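The structure appears right after this line, and notes come after that.
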There are 2 protein chains.
Amino acid sequence: MKKVTINSVAQYAGVSKKTVSRVLNNEPNVSPATREKVLKVFKELDYRPNPIARGLARNKSFIIGCLYDNPSKSYITRVQSGALEACHKHNYNLLIHPCELRGEALIDNIDQLLTTSRLDGLVLTPPFSDSRELIEFLKQKNINYALVASAIQDDDSISVCSNDEQGAFELTEHLIALGHTDIAFIKGHPDHSATENRFNGYKRALEQHQIPLQERLVAEGNFSYHSGADSAKAILDLTPRPSAVFASNDYMAAAVLKLATQRQLRVPEDLSIAGFDNAPIARHIWPGLTTIAQPVEEMTRQAVEQLILQISEPQDTVYQCVLEARLITRESTAANH
Amino acid sequence: MKKVTINSVAQYAGVSKKTVSRVLNNEPNVSPATREKVLKVFKELDYRPNPIARGLARNKSFIIGCLYDNPSKSYITRVQSGALEACHKHNYNLLIHPCELRGEALIDNIDQLLTTSRLDGLVLTPPFSDSRELIEFLKQKNINYALVASAIQDDDSISVCSNDEQGAFELTEHLIALGHTDIAFIKGHPDHSATENRFNGYKRALEQHQIPLQERLVAEGNFSYHSGADSAKAILDLTPRPSAVFASNDYMAAAVLKLATQRQLRVPEDLSIAGFDNAPIARHIWPGLTTIAQPVEEMTRQAVEQLILQISEPQDTVYQCVLEARLITRESTAANH
DNA sequence: CTGAAAGCGCTTACAG
DNA sequence: CTGAAAGCGCTTACAG
């Protein structure tokens with residue numbers, strides 16, 4: 001079987017290839033009859049336009065790049081699945097590009113990626129979505145991009161995030177309602193805006209309930225399981241020991257749970273533990289982790305959807321949206337006695 | 001700044017664009033002096049060939065597709081990272097395509113993918129790498145592909161797998177050496193060849209140590225955490241209860257651990273538990289899971305590397321390789337008393 | 001060793 | 001409403 005191209009379609013339908021092109025792209029100025037005829041030939045010949053030829057002519061690749069540097073595999077797969085959904089809907093493809101924010105020459109790396117792969121746009125996930133330097137570079141290069149879970153306030157950046165501060169606030173209030181006042185907190189990676197937002201939510205809840213913030217209860221993590229284990233050790237060694245630990249993500253919370261269990265502490269009777277993200281591990285361990293569910297797929301889906309819209313027809317005002325995070329209580333938190 | 005194309009390079013270097021093309025592709029028949037000169041202009045102008053134009057002329061896309069349908073996020077990310085490494089090395093890109101083996105019209109789905117995205121090759125991970133139907137289709141369509149972790153014996157398929165049978169054998173022997181004879185086994189998904197291989201390793205070890213296989217100890221899982229939870233319930237309800245459980249992957253093993261802990265069984269004192277894969281969860285829970293480490297990244301890396309080689313210069317004989325799996329003992333297994 | 005011509009399968013800009 | 005021409009940035013096939 002030979003290849004079906006715009007030429008074979010044109011010949012078979014008895015029209016010029018420009019006309020075929022017009023119906024292909026849903027352009028006006030084709031009589032209903034001709035349009036009908038060409039459409040029929042598409043079906044008969046099972047014609048599928050060659051995206052590469054299209055790309056060359058229009059100087060487009062129909063490829064969106066997705067940047068990430070995140071220790072959480074589940075976060076990455078969720079990001080990918082949201083991005084893929086939006087891409088497929090509009091006949092785009094997704095190119096995944098894991099790289100390091102702190103790696104030498106990030107800008108060079110991205111520049112290389114852009115010129116080598118001719119991406120039509122970029123979706124930035126944390127911590128890239130919080131990098132002003134990168135965003136400035138993209139603006140200057142005139143590359144379309146969308147920000148996922150970014151704290152950057154910028155009128156001309158497409159941005160979809162969730163309300164981390166509020167989520168952390170609610171989780172902390174949940175612990176306070178259970179009678180906890182000595183609530184340890186494990187921070188995330190300083191490059192992520194989520195780190196500050198979640199910490200702020202924690203502080204606001206304490207403040208609102210007139211519980212003084214204790215610096216000794218705050219540990220510096222970086223979202224990795226390993227950093228959670230280090231922080232867990234520091235926290236469980238404290239005297240007096242706090243009655244609850246709120247870790248900035250579920251991996252770190254799982255590390256706290258592991259150490260607590262190793263030390264024969266009963267969770268939640270002796271120690272309440274909470275995480276953030278609602279990663280699979282939160283329900284795969286016992287006791288299950290109380291946590292905050294973030295709509296990661298949905299954020300990414302919307303971001304990519306808007307990015308593609310922006311690429312095909314540039315908008316004056318840009319889409320920005322804050323989605324809700326929601327508290328999920330499981331067995332790892334209970335009343336303090 | 002204007003675009004740097006083969007034309008600008010040719011003009012600047014004072015040669016024809018064919019000559020530029022020759023040095024670009026490392027073709028012979030260019031005098032060392034001209035080659036040198038053109039290479040210098042590449043640098044000066046920071047020339048990067050447009051892969052889309054190249055693709056159109058050569059009828060190539062420089063894109064490899066990666067097919068997967070796997071409940072394990074960590075498996076997927078490992079597959080991706082191995083595949084990306086090989087792709088980047090040869091200036092290819094990776095297109096990820098999650099889809100369902102059992103979904104209606106898999107072949108149609110793949111056909112669509114192939115013609116729409118003009119992939120140069122496909123890397124198949126389980127369960128696709130075990131689908132004869134899909135492989136036949138690809139052969140007939142003349143699409144290059146490589147198989148990861150496939151059990152299919154086929155002289156003309158590139159294939160990289162690891163020795164699951166041997167891994168399961170060693171793990172079972174490890175349990176036997178600890179004094180266990182009543183060892184429950186949770187199978188994986190029937191569409192994956194790993195399921196049979198791992199079960200065979202388990203049976204071979206029992207046999208070699210003259211321990212009769214007890215059907216009542218064998219549960220049907222499907223690699224998902226959820227199926228592990230169901231199997232765990234069935235197994236822990238048995239009387240007499242086995243002293244050890246070997247789950248075909250770590251997620252299912254984690255589910256067994258969760259239920260055992262809920263039921264106040266001490267692991268490993270009352271029950272030894274082992275998994276397979278060495279997924280992150282195996283070390284994120286307490287007690288850590290004894291398991292078999294598979295070189296997933298390396299398998300995929302090699303498979304994609306060979307696939308790209310095959311694409312660029314078709315080989316007569318095809319690469320096939322079996323990598324070693326290796327036992328990792330952690331706290332979840334101990335002597336039976 | 002080097003290059004002019006034609007072509008990959010589309011689209012853009014223009015003319016009718 | 002329709003189409004002939006030129007072009008996107010490369011490569012292939014051929015001639016010298």
Side-chain angles (χ1 to χ4, degrees), chain A residues 1-39 41-42 45-63 91 114-118 120 311-313, chain B residues 1-39 41-42 45-63 91 114-118 120 311-313:
Chain A
M1 75 200 182
K2 51 187 291 231
K3 271 185 292 187
V4 180
T5 71
I6 198 172
N7 285 307
S8 26
V9 172
Q11 194 178 341
Y12 195 93
V15 297
S16 76
K17 60 184 187 176
K18 175 62 222 181
T19 300
V20 177
S21 171
R22 267 191 270 260
V23 346
L24 196 57
N25 295 295
N26 262 314
E27 284 171 29
N29 294 331
V30 183
S31 78
T34 355
R35 187 179 299 272
E36 204 64 19
K37 186 170 57 182
V38 174
L39 247 20
V41 176
F42 282 176
L45 267 44
D46 192 24
Y47 170 63
R48 310 200 186 153
N50 183 331
I52 299 182
R54 234 172 175 184
L56 182 59
R58 283 206 213 159
N59 195 24
K60 283 198 52 173
S61 63
F62 298 95
I63 297 177
N91 284 112
L114 253 20
T115 56
T116 305
S117 303
R118 313 278 154 154
D120 289 341
I311 291 166
S312 44
E313 36 191 300
Chain B
M1 73 198 182
K2 50 187 294 231
K3 272 186 291 186
V4 180
T5 72
I6 198 173
N7 285 308
S8 24
V9 172
Q11 195 179 341
Y12 195 92
V15 298
S16 77
K17 61 184 187 178
K18 174 62 223 184
T19 300
V20 176
S21 172
R22 267 192 270 262
V23 346
L24 197 57
N25 294 296
N26 263 313
E27 284 169 30
N29 296 331
V30 183
S31 78
T34 353
R35 190 179 296 274
E36 202 64 19
K37 186 169 58 181
V38 173
L39 247 18
V41 175
F42 281 176
L45 266 44
D46 191 23
Y47 171 62
R48 313 205 182 147
N50 184 333
I52 299 182
R54 238 176 171 180
L56 182 59
R58 284 207 213 159
N59 196 22
K60 283 198 52 173
S61 63
F62 299 95
I63 297 178
N91 284 113
L114 252 20
T115 55
T116 304
S117 302
R118 314 279 155 153
D120 290 340
I311 291 166
S312 44
E313 35 191 301

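We name chains A, B, ... by the order of the sequence lines, and we start the count at 1 in each one. From a predicted model like this one, the values you see are computed outputs, not experimental measurements.
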Taking B/Arg118 for its side chain and B/Thr115 for its backbone only, find out whether a donor-acceptor pair lies under 3.5 Å.
yes
Among D/dA4, D/dG9, C/dG3, the nucleotide that comes nearest once only the side chain of B/Ser16 is considered
C/dG3
Between B/Leu56 and B/Pro28, name the one whose nearest nucleotide on DNA chain C is closer to the 5' end.
B/Pro28
Secondary-structure string, 5' to 3', Watson-Crick or G-U under 3.5 Å, | for another-strand partners, for DNA chain C
|||.||||||||.|||
Neighbour count >12 (heavy atoms, 6.0 Å) for atom OH, B/Tyr12:
no
Phosphate OP1/OP2 of D/dC1 contacted by A/Thr34 side-chain N/O (<4.0 Å)
no
Could you tell me whether the phosphate oxygens of D/dC1, OP1 or OP2, come under 4.0 Å of any side-chain nitrogen or oxygen in A/Thr19?
no
Hey, is the main chain of A/Ile52 close enough, under 3.5 Å, to the side chain of A/Asn50 for a donor-acceptor pair?
yes
CZ of B/Phe62 versus P of D/dG9: gap in Å, rounded?
17 Å
For C/dC8, take OP1 and OP2 only and decide whether either is under 4.0 Å from a side-chain N or O of A/Thr5.
no
Restricting to nitrogen or oxygen on both sides, can you table the protein-nucleotides 11-14 of chain C pairs closer than 3.5 Å?
{"residue": "C/dT11", "atom": "OP1", "partner": "A/Asn25", "partner atom": "OD1", "Å": "3.3"}
{"residue": "C/dT11", "atom": "OP1", "partner": "A/Asn25", "partner atom": "ND2", "Å": "2.8"}
{"residue": "C/dT11", "atom": "OP1", "partner": "A/Arg54", "partner atom": "NE", "Å": "3.1"}
{"residue": "C/dT11", "atom": "OP2", "partner": "A/Ser21", "partner atom": "OG", "Å": "2.5"}

If you count every heavy atom of other residues, nucleotides or ligands that lies below 6.0 Å from B/Gln11 atom CD, does the total exceed 12?
no
The side chain of B/Asn50 is closest to which nucleotide in this list: D/dC1, D/dG9, C/dG9?
D/dG9
A/Pro49 near the nucleic acid: base, sugar-phosphate alone, or nothing, with a heavy-atom cut-off under 4.0 Å?
sugar-phosphate
Residues that A/Glu36 engages under salt bridge (charged side-chain N to carboxylate O under 4.0 Å, His left out), provided they are two or more places apart:
none
